[in-house]
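See below for the structure under consideration.
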Amino acid sequence: MKPVVMVLNGPNLNLLGKRQPEIYGHETLDDVRADLQALAGELGVQVRFHQSNREYELIDWIHEARETCAAIIINPAAFTHTSVAILDALNTFEGPVLEVHISNVHKREAFRHHSYVSLRADGVIAGFGTQGYALALRRAARLATPA
Ligand code: CA2
């Protein structure tokens, strides 16, 4: 069985590629999903990809990952800056957690500079556009696959 990497996306990311391309680019979330599925084949892992605008759904998927996934990649979107509940859920997951932000949050408003999720994340990528997801998947595959 190939290791499974869960990729989670938070609120409003369903609008990716459809609004604010100057910040988030032109690729849609379906494009990102397709890119990751293709890359996963090369890397010898499986990707389970989700997006939700509801905090509890993201938490439920993190709980599911506890039993079934080797790593989590998460772009928590605005929940990054607000959600102790997502941090608590991630703290119950034993494998690697990689945090992705499409934009460089450190170049933006001060409220985006703090991340609850970074208190748990083993790695953080910000400002690489949607390419950040592929970079995170390469890292997750490396961490999930024995040398
Ligand atoms: O840069 C990122 O990936 C963010 O996680 C995106 C969040 C933002 O709240 C974080 O501070 C940084 C916002 C996601 C909203 O996504 C949209 C995409 C296209 C159009 C409108 C919103």
Side-chain angles (χ1 to χ4, degrees), residues 3-43 45-66 68-144:
V4 181
V5 179
M6 185 167 278
V7 182
L8 296 177
N9 294 279
N12 298 307
L13 285 165
N14 52 310
L15 298 177
L16 199 63
K18 298 170 185 167
R19 298 276 186 286
Q20 297 184 275
E22 67 288 357
I23 302 177
Y24 299 114
H26 291 277
E27 251 200 329
T28 67
L29 203 60
D30 278 345
D31 295 333
V32 174
R33 180 200 300 261
D35 287 350
L36 291 189
Q37 297 292 5
L39 180 61
E42 283 175 36
L43 297 173
V45 297
Q46 287 180 61
V47 162
R48 205 176 290 164
F49 192 95
H50 297 293
Q51 186 275 331
S52 182
N53 296 326
R54 300 174 184 84
E55 192 174 22
Y56 77 88
E57 280 195 302
L58 296 162
I59 292 167
D60 285 349
W61 285 321
I62 293 166
H63 292 176
E64 179 190 314
R66 282 163 43 78
T68 57
C69 295
I72 295 175
I73 294 171
I74 183 166
N75 182 348
F79 291 146
T80 308
H81 318 298
T82 62
S83 182
V84 176
I86 289 176
L87 170 63
D88 285 348
L90 290 170
N91 277 331
T92 72
F93 180 75
E94 290 182 1
V97 173
L98 305 176
E99 178 181 352
V100 171
H101 298 287
I102 299 164
S103 64
N104 181 0
V105 283
H106 301 290
K107 205 176 165 187
R108 300 182 65 190
E109 303 96 320
F111 69 83
R112 295 185 204 275
H113 298 176
H114 177 262
S115 166
Y116 284 101
V117 169
S118 291
L119 292 168
R120 168 62 182 88
D122 298 293
V124 181
I125 292 177
F128 284 68
T130 51
Q131 193 188 357
Y133 287 90
L135 297 171
L137 185 60
R138 286 185 185 281
R139 179 67 179 156
R142 172 79 63 91
L143 293 172

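Counting starts at 1 for both ligands and their atoms, in listed order.
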Are there more than 12 heavy atoms of other residues, nucleotides or ligands under 6.0 Å from atom CZ of Arg108? yes

List in chain and number order the residues that pass side chain to side chain contact (heavy atoms under 4.5 Å, CB included) with His26, two or more places apart in sequence or in another chain; answer none if no residue qualifies. Pro21

Identify, chain by chain and in numerical order, each protein residue with a heavy atom under 4.0 Å from an atom of ligand 1. Pro11, Asn12, Leu13, Leu15, Leu16, Arg19, Gln20, Tyr24, Asn75, Ala77, Ala78, His81, His101, Ile102, Ser103, Val105, Arg112

Which residue pairs pass the side chain to side chain donor-acceptor pair (under 3.5 Å) test when at least one of the two sits in residues 76-97, sequence neighbours left out? Glu55-Ser83

Sequence neighbours excluded, the answer for side chain to side chain contact (heavy atoms under 4.5 Å, CB included) partners of Ala71 is Val5, Pro96, Ala140

Consider only side-chain N and O atoms of Ser103 and Arg112, and report whether a donor and an acceptor are under 3.5 Å apart. no

Which residue, Tyr56, Phe79, Tyr116, forms the side chain to side chain contact (heavy atoms under 4.5 Å, CB included) with Ile86? Phe79

